[in-house]
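Following: one structure in structure tokens, then a few remarks.
This one's a predicted model, so the numbers in the text were calculated from it and none came from an experiment.
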Amino acid sequence: EAQAQKQRDAARAKDTRPSLVLEKFAGAYDSAILGEATVSVAGDALFIQLQAHESISGTLEHWHYDTFLCHWDDPVLHQSLIRFITDGQGNVAEFRVKIREDWIDPVEHVFRMSQKES
């Protein structure tokens, strides 16, 4: 775990900002495997909650560009990088995350922004 954290820290681009204001990352997302997730703004940070798994929630700290470091509330899950991907028109299309990839879940989960009702 310490070695993985060193590699992650070395790959970090310092002094960057998200391409969008935090409110643009907030919303409802869907994953074919893990179900729904909600990203919300809490003060000057983002918060994530997986709807099907109440214990899977955490605070997102800006890491670099449109990637955030999630500090999971469950200490077993520790931390994960969550990478948001935009659609090129100023909207977030999805985010990707590996939840405790070192031993619990090596799969990269894709959560797509839910379609807003018109």
| said: For residues 29-51, which residue pairs pass the ring-ring contact (aromatic ring centres under 6.0 Å, His included) check, not counting sequence neighbours? | reply: Tyr29-Phe95
| Between the side chains of Trp72 and Ser57, is a donor N or O closer than 3.5 angstrom to an acceptor N or O? | no
| request: State whether a side-chain donor-acceptor pair under 3.5 Å links Asp30 with Ser114. | output: yes
Under 4.5 Å between any side-chain heavy atoms of [X] and [Y], yes or no?
{"X": "Phe68", "Y": "Thr59", "value": "no"}
{"X": "Ile82", "Y": "Leu60", "value": "yes"}
{"X": "Glu61", "Y": "His71", "value": "yes"}
{"X": "Val97", "Y": "Glu108", "value": "no"}
{"X": "Ile48", "Y": "Cys70", "value": "yes"}
{"X": "Thr86", "Y": "Asn91", "value": "no"}

| message | Taking Val92 as the starting point, is it possible to reach Leu22 by hopping between hydrophobic residues whose side chains are less than 4.5 Å apart? | response | yes
| remark: The reported gap from CD in Glu94 to CZ in Arg83 (rounded to nearest 0.5 angstrom) is 8.0 Å
| query | From Arg8 CZ over to Thr67 OG1, what is the distance, rounded to the nearest 0.5 angstrom? | reply | 11.5 Å
| How is the hydrophobic cluster of Leu69 composed, in terms of its other members, when Ile, Leu, Val, Met, Phe, Trp and Tyr link through side-chain heavy atoms under 4.5 Å apart, directly or indirectly? | Trp63, Leu81
| field | For His62, side chain to side chain donor-acceptor pair (under 3.5 Å) partners two or more places apart | value | none
| message | The criterion is side chain to side chain donor-acceptor pair (under 3.5 Å); which residues satisfy it with Arg112, sequence neighbours excluded? | response | none
Do any side-chain atoms of residues 32-46 form donor-acceptor pairs under 3.5 angstrom with protein atoms, and if so which ones, sequence neighbours left out?
unit_1: Thr38; atom_1: OG1; unit_2: Gln51; atom_2: NE2; d: 2.8

Scan the side chains in residues 13-21 for donor-acceptor partners under 3.5 Å anywhere in the protein, sequence neighbours excluded, and list what turns up.
unit_1: Thr16; atom_1: OG1; unit_2: Tyr65; atom_2: N; d: 2.8
unit_1: Ser19; atom_1: OG; unit_2: Asp66; atom_2: OD1; d: 3.2
unit_1: Ser19; atom_1: OG; unit_2: Asp66; atom_2: OD2; d: 2.7

